[in-house]
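Both counts, for ligands and for their atoms, begin at 1 and track the order of listing. The first residue of the sequence shown is numbered 1, and numbering continues consecutively from there.
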Amino acid sequence: MSTKARIEDYIKDEKLRNTFSQVFDYTTVAAIHELAAKGFIDHLEHIISTGKEAHVYLAFDKAGKKRAVKIYKIETSNFRNLRKYIEGDPRFKNISSDRRDIICLWARKEYKNLEKLADAGVRVPLPYAFNQNVLVMEFIGNDAAAMPLKEDPITDFDFLYEFIIKEVAKMIYHAKLVHGDLSEYNILNFEGKPVIIDCGQAVTTAHPHAMEFFQRDIKNISSYLAKNGLKKSLEEIKQDIKKAR
Ligand SMILES: Nc1ncnc2c1ncn2[C@@H]1O[C@H](COP(=O)(O)OP(=O)(O)OP(=O)(O)O)[C@@H](O)[C@H]1O
Ligand SMILES: [Mg+2]
């Protein structure tokens, strides 16, 4: 029996397999193969999202549990931008200049960030495993994946505001991380409760750009809420985060 990893073993549907093969190389298949050998993946069922930087799949593990599998594209257009979020992070030193190495570091960074955030009690998908550019995490959804607030708003904006304030306070004071891309696109509505996703770019509060990213996050949240009738000044939001500490 050949030990060569075959995508046919992990994606049954031919069309889905073709899409995969257009974007991902053999190393990605090998990474899935290794995750499968450890039981984290049985197969990829369908695509949830095809983004600029990553594709997210609904997958099943060997025990038949649903999982979200985020696979980072190696040829991502924002490749250079990624460095800004890695350099200056004390957790990642001697950063390679190789594209693939950086993308794999990015997947590892998202895994580590999710781990830290979950430990601090922030509602994020639980991370289960990573290998190369592949990240396996908790699937947020029931039959279908939960949608971002942008498409499926939580209409009780006072509740949403309180929730976000508490989550950001836990992020900053307990996990000591700044999300860096917090917006209605990266918060899912799961049964009326927010779940924060897309944590690859999160940086430690000691990072040289942490303050800049924090200000941007607050601004995004403030303008999203303002559009929906909840007016909060940036100063007010910052004070509320401090109080929620
Ligand atoms: N754990 C999860 N469970 C269910 N759905 C998820 C999960 N993680 C991501 N998704 C879905 O995939 C989409 C993209 O995920 P994410 O925001 O992490 O990737 P991205 O880096 O923003 O991709 P891009 O910016 O390239 O579009 C989300 O909007 C959501 O619909
Ligand atoms: Mg996103």
Which atom pairs, donor and acceptor, lie under 3.5 Å between side-chain atoms of residues 115-129 and protein residues at least two apart or in another chain?
| unit_1 | atom_1 | unit_2 | atom_2 | d |
| --- | --- | --- | --- | --- |
| Arg123 | NH1 | Glu138 | OE1 | 3.3 |
| Arg123 | NH2 | Glu138 | OE2 | 3.2 |

Exercise. Linking Ile, Leu, Val, Met, Phe, Trp and Tyr through side-chain heavy atoms less than 4.5 Å apart, which residues share a cluster with Ile197?
Worked result: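 Taking Ile, Leu, Val, Met, Phe, Trp and Tyr as members, Ile197 shares its hydrophobic cluster with Ile140, Leu188, Phe190, Val195.
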Measure and list all N/O to N/O distances between ligand 1 and the protein that fall under 3.5 angstrom.
| unit_1 | atom_1 | unit_2 | atom_2 | d |
| --- | --- | --- | --- | --- |
| ligand 1 | 1 (N) | Glu138 | O | 2.9 |
| ligand 1 | 3 (N) | Ile140 | N | 2.9 |
| ligand 1 | 17 (O) | Asn186 | OD1 | 3.1 |
| ligand 1 | 17 (O) | Asp198 | OD2 | 3.0 |
| ligand 1 | 18 (O) | Lys70 | NZ | 2.7 |
| ligand 1 | 19 (O) | Lys70 | NZ | 3.3 |
| ligand 1 | 21 (O) | Lys70 | NZ | 3.4 |
| ligand 1 | 21 (O) | Asp198 | OD1 | 3.3 |
| ligand 1 | 22 (O) | Asp198 | OD2 | 2.6 |
| ligand 1 | 26 (O) | Lys52 | N | 2.7 |
| ligand 1 | 26 (O) | Glu53 | N | 2.7 |

Problem set entry | Chi angles and distances behind the side-chain hydrogen bond (donor to acceptor under 3.5 Å, both in side chains) call for Gln201, Asn81 | CA-CA 10 Å; Gln201 70 292 315; Asn81 217 356; over 6 Å; no
Exercise. How many angstroms lie between NE2 in His209 and OH in Tyr85, if you round to the nearest 0.5 Å?
Worked result: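 Answer for the NE2-OH pair, His209 versus Tyr85, is 9.0 Å.
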Problem set entry | CD on Glu184 to CD1 on Ile164, rounded to 0.5 Å |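 If we round to the nearest 0.5 Å, Ile164:CD1 and Glu184:CD are 9.5 Å apart.
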Exercise. Under a 4.0 Å N-O cut-off, is there an ion pair linking Lys15 with Asp13?
Worked result: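 So Lys15 does not pair with Asp13 through a salt bridge.
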Exercise. Taking the six-membered ring for Trp, are Tyr57 and Phe20 parallel (under 30°), tilted (30 to 60°) or perpendicular (over 60°)?
Worked result: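 Because their plane-to-plane angle lies in the 30° to 60° range, the rings of Tyr57 and Phe20 count as tilted.
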Exercise. Looking at Phe214, does the NZ or CZ of Lys238 lie under 6.0 angstrom from its six-membered ring centre and within 45 degrees of the ring axis?
Worked result: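 No, cation not above the ring by the 6.0 Å, 45° rule.
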Problem set entry | Partner of Leu177 by side-chain contact (heavy atoms from CB on, under 4.5 Å), out of Thr204, Val203, Thr205, Ile172 |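 Result for side-chain contact (heavy atoms from CB on, under 4.5 Å) with Leu177: Thr204.
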Exercise. What protein N/O/S atoms are found closer than 2.8 Å to the Mg ion (ligand 2)?
Worked result: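 Those protein N, O or S atoms (cut-off: under 2.8 Å from the Mg ion (ligand 2)) are Asn186 OD1, Asp198 OD2.
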